[in-house]
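Just so we're on the same page: letters track the sequence lines, and every chain starts at 1. This is a predicted model, so every value here is computed, not measured.
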Number of protein chains: 2
Amino acid sequence: MAGHGARGRSGGRPTLEEVAARAGVGRGTVSRVINGSPRVSDATRAAVEAAVAELGYVPNTAARALAANRTDAIALVVPEPETRFFAEPYFSDILRGVGAELSDTEMQLLLIFAGSDRERQRLAQYLAAHRVDGVLLVSVHADDPLPDLLAQLEIPAVISGPRSAAERLASVDSDNYGGARSAVEHLLSRGRRRIAHITGRLDVYGAQRRVDGYRDALLDAGHAPDEGLIEAGDFTEESGRSAMAALLERRPDLDAVFAASDVTAAGARQVLREAGRRIPEDVALVGYDDSAIARHMEPPLTSVRQPIVEMGRAMIDLLLTEIADRRPAASRGLERQQVVLATQLMERASS
Amino acid sequence: MAGHGARGRSGGRPTLEEVAARAGVGRGTVSRVINGSPRVSDATRAAVEAAVAELGYVPNTAARALAANRTDAIALVVPEPETRFFAEPYFSDILRGVGAELSDTEMQLLLIFAGSDRERQRLAQYLAAHRVDGVLLVSVHADDPLPDLLAQLEIPAVISGPRSAAERLASVDSDNYGGARSAVEHLLSRGRRRIAHITGRLDVYGAQRRVDGYRDALLDAGHAPDEGLIEAGDFTEESGRSAMAALLERRPDLDAVFAASDVTAAGARQVLREAGRRIPEDVALVGYDDSAIARHMEPPLTSVRQPIVEMGRAMIDLLLTEIADRRPAASRGLERQQVVLATQLMERASS
DNA sequence: ATCACTTGTGGGAGCGCTCCCACAGTACCT
DNA sequence: AGGTACTGTGGGAGCGCTCCCACAAGTGAT
């Protein structure tokens with residue numbers, strides 16, 4: 001490990017200049033070695049590297065940032081005010097993917113919460129100050145002004161998960177449409193015919209796509225869409241309960257429920273139990289997210305798994321590319337990269 | 001929101017100097033206003049503030065960090081290599097508390113993963129470079145060299161959760177001992193007498209303290225300690241399964257199990273079910289953490305809740321105090337602050 | 001020998017702040 | 001009147017880098 005303790009004058013950390021003196025070269029040359037420039041002779045490079053090692057030199061980030069006008073930091077912005085967001089593995093998994101991918105680089109990760117208005121205010125200041133080289137945006141709502149702000153400030157950004165179609169930023173998403181389709185097709189293949197759907201927050205683009213997938217799967221199998229089998233929810237457990245109660249009242253003959261999240265499914269399950277319906281005998285249940293809850297539910301819940309860790313990785317890839325590609329706005333294409341990753345249906349006892 | 005677009009020369013953001021010119025004062029005066037120095041007349045302050053607003057001035061962090069030799073950033077270090085860590089609410093909740101408390105300050109939060117060796121290497125560089133003003137350390141293992149490194153580099157740090165007794169750093173912890181006691185006392189009050197304990201990783205200090213609480217609760221109630229009722233686990237679900245199997249084999253007459261985590265309890269529950277034991281009629285079950293799993297388990301799991309959000313807050317408080325108190329090492333007391341927060345038993349149907 | 005490149009190197013200028021010394025102005029004592 | 005103190009202010013110096021221009025030395029063509 002670096003850091004041998006006090007050296008030079010008064011315990012200060014060594015500077016470029018000190019390394020240069022030690023190696024018997026100039027400041028510029030040390031800088032070139034540190035930054036991997038090819039225009040350095042092998043002998044000089046070796047001498048500098050030796051000096052760096054001897055002194056335990058570590059570049060001063062602040063000085064570098066000031067001189068080079070970049071920060072070597074990216075921000076992960078969490079615009080979610082709700083607790084729910086944290087309780088689910090989604091966030092943690094994204095973070096794992098991001099962290100794994102980032103550990104190969106010099107970039108550091110800033111975590112910024114933008115739930116409250118005051119936090120948003122602070123975030124706007126941050127961005128205006130260009131305190132980061134790029135931004136990762138997770139879980140954006142349809143009316144969120146953040147993507148526009150980012151585009152306007154010309155800060156490289158990648159948004160994850162549910163996103164509006166008109167977005168100007170690069171994005172990484174899982175295939176909500178396909179995931180929903182696979183869930184419904186699975187239920188159909190199990191002989192279910194009156195399949196209900198409890199939606200997520202419909203102002204979240206991804207929730208909308210899941211509804212589309214649900215509808216198309218039924219249509220393609222030759223079933224007329226029955227709007228009475230669709231009930232709006234908002235991803236929460238409570239909405240699962242109330243939606244399920246409404247559905248049971250309206251369509252007591254339903255034989256399957258596809259919920260837009262596992263927690264919603266958990267709420268639905270509770271109401272089904274209380275109504276005396278057995279799972280999966282009377283009503284099959286499928287969730288979305290494949291969270292810990294799904295595995296521990298009774299019975300274990302069939303659920304659509306999103307490749308969240310991979311999404312984190314993909315986001316970083318995209319963002320770093322965009323940061324590296326930095327060039328005059330004029331030459332930038334309008335087309336932003338968009339990555340969509342496949343989901344996987346985890347079949348369990350609930351269906 | 002700040003940022004009116006291009007101004008001054010070539011779209012650059014305004015500098016202190018520009019603000020000073022606009023307000024008709026000197027650079028130093030603007031700096032004093034920005035930093036809230038009291039030695040500025042009201043009239044001057046108002047003029048500067050107007051200029052700041054007009055220009056949409058935001059201080060350049062890098063320049064400030066370079067000149068003042070501080071970074072206004074703290075790092076949250078996650079030394080956990082395991083996935084488990086993320087899957088549980090512990091991490092997210094700490095983050096919530098930290099984020100909430102931090103949004104009142106100018107500090108930014110850096111997230112650093114130190115699971116792999118390469119990541120640890122990078123971390124050591126970070127710390128050596130003093131890229132942060134302080135460090136938050138969560139979930140440290142007994143033999144971890146990080147706390148020592150931090151103490152040696154004299155970087156303010158606060159460690160959370162399970163910690164070794166000999167630590168030189170400030171710490172915030174929940175009352176593992178008391179939490180375990182309350183769980184066991186609860187089981188005793190329900191008439192259980194042969195109470196088993198599946199431990200957590202015993203190299204984690206907190207897991208050890210839970211064992212102590214378990215033992216003392218039994219002792220104080222006049223029950224001789226029965227080591228055969230204690231089985232080592234490591235917080236995982238798998239360890240819950242194997243430990244439970246071992247316990248059932250050794251002590252088929254047990255009537256209660258206190259597990260060191262909810263996931264472990266989930267594993268135990270599975271084995272109990274397969275063995276035909278009813279919960280809670282035959283065997284009462286209590287977990288630890290009060291995670292989402294506890295609420296969704298069948299039956300819902302009684303669990304010890306740690307005030308994790310409050311722990312996050314307390315950590316920040318301690319850390320900021322320590323950063324503000326920065327002074328020559330000589331004058332520092334050896335005694336570091338230590339905060340212990342009470343737990344709460346969430347009683348549910350499993351006991 | 002001259003010119004034109006190329007390669008490697010040194011070091012000045014400057015990034016935007018904070019720190020601190022100098023000093024004008026005012027107030028209150030002797 | 002002179003001294004002493006305090007308040008408010010301006011601006012030089014310097015933080016540790018990167019960028020880039022200048023230039024020495026070498027290489028090969030004319």
Side-chain angles (χ1 to χ4, degrees), chain A residues 7-48 51-52 55-73 106 128-131 133 326, chain B residues 7-48 51-52 55-73 106 128-131 133 326:
Chain A
R7 90 185 57 70
R9 64 246 177 172
S10 65
R13 304 194 307 284
T15 69
L16 245 205
E17 199 104 30
E18 285 165 33
V19 174
R22 176 98 179 199
V25 299
R27 195 163 21 76
T29 302
V30 177
S31 178
R32 276 183 284 267
V33 171
I34 298 293
N35 293 291
S37 158
R39 328 199 120 280
V40 180
S41 71
D42 290 346
T44 309
R45 163 166 287 116
V48 171
V52 165
L55 296 176
Y57 171 75
V58 182
N60 179 318
T61 333
R64 176 177 283 180
L66 179 60
N69 197 31
R70 64 186 158 87
T71 62
D72 289 333
E106 282 288 277
H130 286 263
R131 280 169 81 153
D133 291 341
R326 227 60 241 271
Chain B
R7 89 185 60 67
R9 63 244 179 177
S10 65
R13 303 194 306 284
T15 70
L16 244 205
E17 200 104 30
E18 285 165 31
V19 173
R22 175 99 178 197
V25 300
R27 197 166 18 79
T29 301
V30 177
S31 178
R32 274 183 287 267
V33 171
I34 298 293
N35 293 292
S37 158
R39 328 199 121 279
V40 180
S41 73
D42 289 347
T44 308
R45 164 166 288 117
V48 171
V52 166
L55 296 177
Y57 171 75
V58 182
N60 179 317
T61 333
R64 177 177 280 179
L66 179 59
N69 196 32
R70 65 188 156 85
T71 62
D72 288 333
E106 283 289 275
H130 285 263
R131 280 169 82 154
D133 292 339
R326 227 63 238 271

Trainee: What are the two closest heavy atoms between A:Ala63 and B:Leu66, and how far apart are they?
Mentor: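 Scanning both residues completely, I find the closest heavy atoms to be CB-CD1, 3.6 Å.
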
Trainee: Indicate the atoms forming the closest heavy-atom contact of B:Arg45 with B:Val33, along with that distance.
Mentor: CA-CG2, 4.1 Å

Trainee: Taking CD1 from B:Ile34 and P from C:dC17, how many angstroms apart are they, rounded to a whole number?
Mentor: 8 Å

Trainee: Going by heavy atoms in the side chains, are A:Arg64 and A:Asp72 under 4.5 Å from each other?
Mentor: yes

Trainee: Base, sugar-phosphate, or nothing: which does B:Asn69 touch, judged by heavy atoms less than 4.0 Å apart?
Mentor: nothing

Trainee: Output the single nucleotide from C:dT18, C:dT9, D:dC17 whose closest atom is nearest the side chain of A:Ala63.
Mentor: D:dC17

Trainee: Whole angstrom is fine here: how far is it from CD in A:Glu106 over to C1' in D:dT18?
Mentor: 16 Å

Trainee: To the nearest Å, give me how far apart CZ (B:Arg131) and C1' (D:dC17) are.
Mentor: 13 Å

Trainee: Counting just side-chain N and O atoms, does A:Asn35 come under 4.0 Å of either OP1 or OP2 of D:dT18?
Mentor: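 Yes, within the criterion.
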
Trainee: Over all heavy atoms of both residues, which pair between A:Ala129 and B:Pro59 is shortest? Give the atoms and the distance, please.
Mentor: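 So the minimum-distance heavy-atom pair works out to CB-O, 4.3 Å.
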
Trainee: Check the phosphate of C:dC17 against B:Ser31, side-chain N and O only, distance under 4.0 Å to OP1 or OP2. Yes or no?
Mentor: no

Trainee: Could you give the CG-to-P distance, from B:Leu16 to D:dG12, as a whole number of Å?
Mentor: 15 Å

Trainee: DNA chain D: A:Asn60 or B:Thr44, which has the more 5' nearest nucleotide?
Mentor: B:Thr44

Trainee: Atom CZ of B:Arg70 and atom C1' of C:dT18: how far apart are they, to the nearest Å?
Mentor: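 Taking atom C1' of C:dT18 as the reference, CZ of B:Arg70 is at 8 Å.
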
Trainee: Between D:dG10, C:dC17, D:dG16, which one does the side chain of B:Ala67 approach most closely?
Mentor: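 Nearest nucleotide to the side chain: C:dC17.
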
Trainee: So which atom in B:Val58 and which in A:Ala128 form the shortest heavy-atom distance, rounded to 0.1 Å?
Mentor: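 Scanning both residues, the minimum pair turns out to be CG2-CB, 4.4 Å.
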
Trainee: What about B:Arg27: does its side chain form a donor-acceptor pair under 3.5 Å with the base of C:dT18?
Mentor: yes

Trainee: Expressed in angstrom and rounded to an integer, what is the separation of A:Arg13 atom CZ from D:dG16 atom P?
Mentor: 8 Å

Trainee: Whole angstroms only, please: what is the CD-P distance between A:Glu17 and D:dG14?
Mentor: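 The answer, rounded to whole Å, is 13 Å.
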
Trainee: Would you kindly compare A:Val30 and A:Arg39 by the position of their nearest DNA chain C nucleotide and give the one closer to the 5′ end?
Mentor: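 Here A:Arg39 is the residue nearer the 5' end.
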
Trainee: When you get a sec, tell me which of D:dT9, C:dG8, C:dC15 is the closest nucleotide to the side chain of A:Leu66?
Mentor: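 Out of D:dT9, C:dG8, C:dC15, the nucleotide with an atom closest to A:Leu66's side chain is C:dC15.
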
Trainee: Does a distance-only test, which skips hydrogens and angles, find a donor-acceptor pair under 3.5 Å between the side chain of A:Arg32 and the base of C:dG10?
Mentor: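 Pair found.
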
Trainee: Given D:dC17, C:dT9, C:dT18, identify the nucleotide with an atom nearest to the side chain of A:Ser41.
Mentor: C:dT9

Trainee: Atom CG of B:Asp72 to atom P of C:dG16: distance rounded to whole Å?
Mentor: 18 Å

